[in-house]
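Structure record follows, encoded as structure tokens.
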Amino acid sequence: QVQLVESGGGSVQAGGSLRLSCAASGRTSNSYAMGWFRQAPGKEREFVAAISWSGGSIDYADSVKGRFTISRDNGKNTIYLQMNSLKREDTAVYYCAARESGLVVRSLVGYDYWGQGTQVTVSS
């Protein structure tokens, strides 16, 4: 089992930045790929970004490409999501997820473990 805890959410004005963190604990010796997803009110949870165990493979949703950066520090069992140039439509609960395969995928069903989420609110 792997436990994931997100942090770093909050409220920010449009154009601002936030950095989310996701700390993993438990059976972290496996080579997990990790991802960020988000869910806005009344909408389905959607893919944001994902990173392979080595960091050599990264994928972004088109809506965040060029504004968000995913990274990881395996020594700290932590991944990050640097969010710049935030827009109102980025408002959502952001979830961290891990999958036991080291390969990057966009599908929610491909992930085995999920955090509780952290709220990001962007105001104009």
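Note that these values count all heavy atoms, side chains included, but never hydrogens, waters or copies made by symmetry. Predicted model only: the values in this text are computed from it and were never measured.
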Note, Leu18 side chain near Gln82 side chain (heavy atom, < 4.5 Å): no

Quick one: closest heavy-atom pair of Ser124 and Arg88, and the distance? CB-CD, 3.6 Å

How close do Gly35 and Ile79 get, counting heavy atoms only, and between which atoms? O-CD1, 4.2 Å

State, with a plain yes or no, whether a side-chain heavy atom of Arg72 is found less than 4.5 Å away from one of Thr78. no

Does Arg99 count as lying over the ring of Tyr32, i.e. NZ or CZ under 6.0 Å from the six-ring centre, within 45 degrees of the axis? no

Should Phe68 and Val12 be regarded as members of a common hydrophobic cluster, given that ILVMFWY residues are connected when their side-chain heavy atoms come within less than 4.5 Å of each other, either directly or indirectly? yes

Using a distance-only test with no angle check, is there a side-chain donor-acceptor pair under 3.5 angstrom linking Asn84 and Ser17? yes

Verify the distance criterion only: is there a donor paired with an acceptor across the side chains of Glu100 and Tyr113 at less than 3.5 Å? yes

Using only atom types and a distance under 3.5 Å, with no angle test, would you say the side chain of Ser52 pairs donor to acceptor with the backbone of Ser57? yes

Minimum heavy-atom separation for Ala24 and Val2, please, with both atom names. CB-CG1, 4.2 Å

Using side-chain heavy atoms (C-beta onward) and a distance below 4.5 Å, is Tyr94 in contact with Glu6? no

Specify whether Phe47 and Phe37 have parallel, tilted or perpendicular ring planes, treating 30° as the upper limit for parallel and 60° as the lower limit for perpendicular. perpendicular

Which heavy atom of Trp36 sits nearest to which heavy atom of Leu81, and what is that distance? NE1-CB, 3.5 Å

4.5 Å side-chain heavy-atom contact, Leu4 and Tyr95: no

Side-chain contact, heavy-atom cut-off 4.5 Å: Leu20 with Thr118? yes

Do Tyr111 and Met34 belong together in a cluster built from hydrophobic side chains that touch within less than 4.5 Å? no

Are Leu108 and Val64 co-members of a hydrophobic cluster defined by side-chain heavy atoms under 4.5 Å apart? no

If you count every heavy atom of other residues, nucleotides or ligands that lies below 6.0 Å from Gln1 atom CD, does the total exceed 12? no

When rounded to the nearest 0.5 Å, the distance separating OG of Ser63 from NZ of Lys87 is 8.0 Å

Report yes or no: do Ile70 and Tyr80 belong to one cluster of Ile/Leu/Val/Met/Phe/Trp/Tyr joined by side chain heavy-atom distances under 4.5 Å? no

What distance separates Ser25 OG from Arg27 CZ, expressed to the nearest 0.5 Å? 12.5 Å

I need the minimum non-hydrogen distance between Ala49 and Tyr60, along with the two atoms involved. CB-CD2, 3.6 Å

Where is the tightest heavy-atom contact between Ile58 and Ile51, given as atom of each residue plus distance? CG1-CG1, 3.7 Å

Applied to residues 39-56, the salt bridge (Lys or Arg N to Asp or Glu O under 4.0 Å) test, sequence neighbours excluded, yields Arg38-Glu46

Which residues pass the salt bridge (Lys or Arg N to Asp or Glu O under 4.0 Å) test with Lys65, not counting sequence neighbours? Asp62

State whether the number of non-hydrogen atoms from other residues, nucleotides or ligands found under 6.0 Å of Gln116 atom CD is greater than 12. no

Could I get the full list of salt bridge (Lys or Arg N to Asp or Glu O under 4.0 Å) partners for Arg106, not counting sequence neighbours? Asp59

Could you go through the side chain to side chain contact (heavy atoms under 4.5 Å, CB included) check for Thr69 and Met83 one step at a time? CA-CA 7 Å; Thr69 302; Met83 305 186 295; over 6 Å; no

Are the side chains of Trp53 and Asn74 in touch, meaning some heavy atoms are under 4.5 Å apart? yes

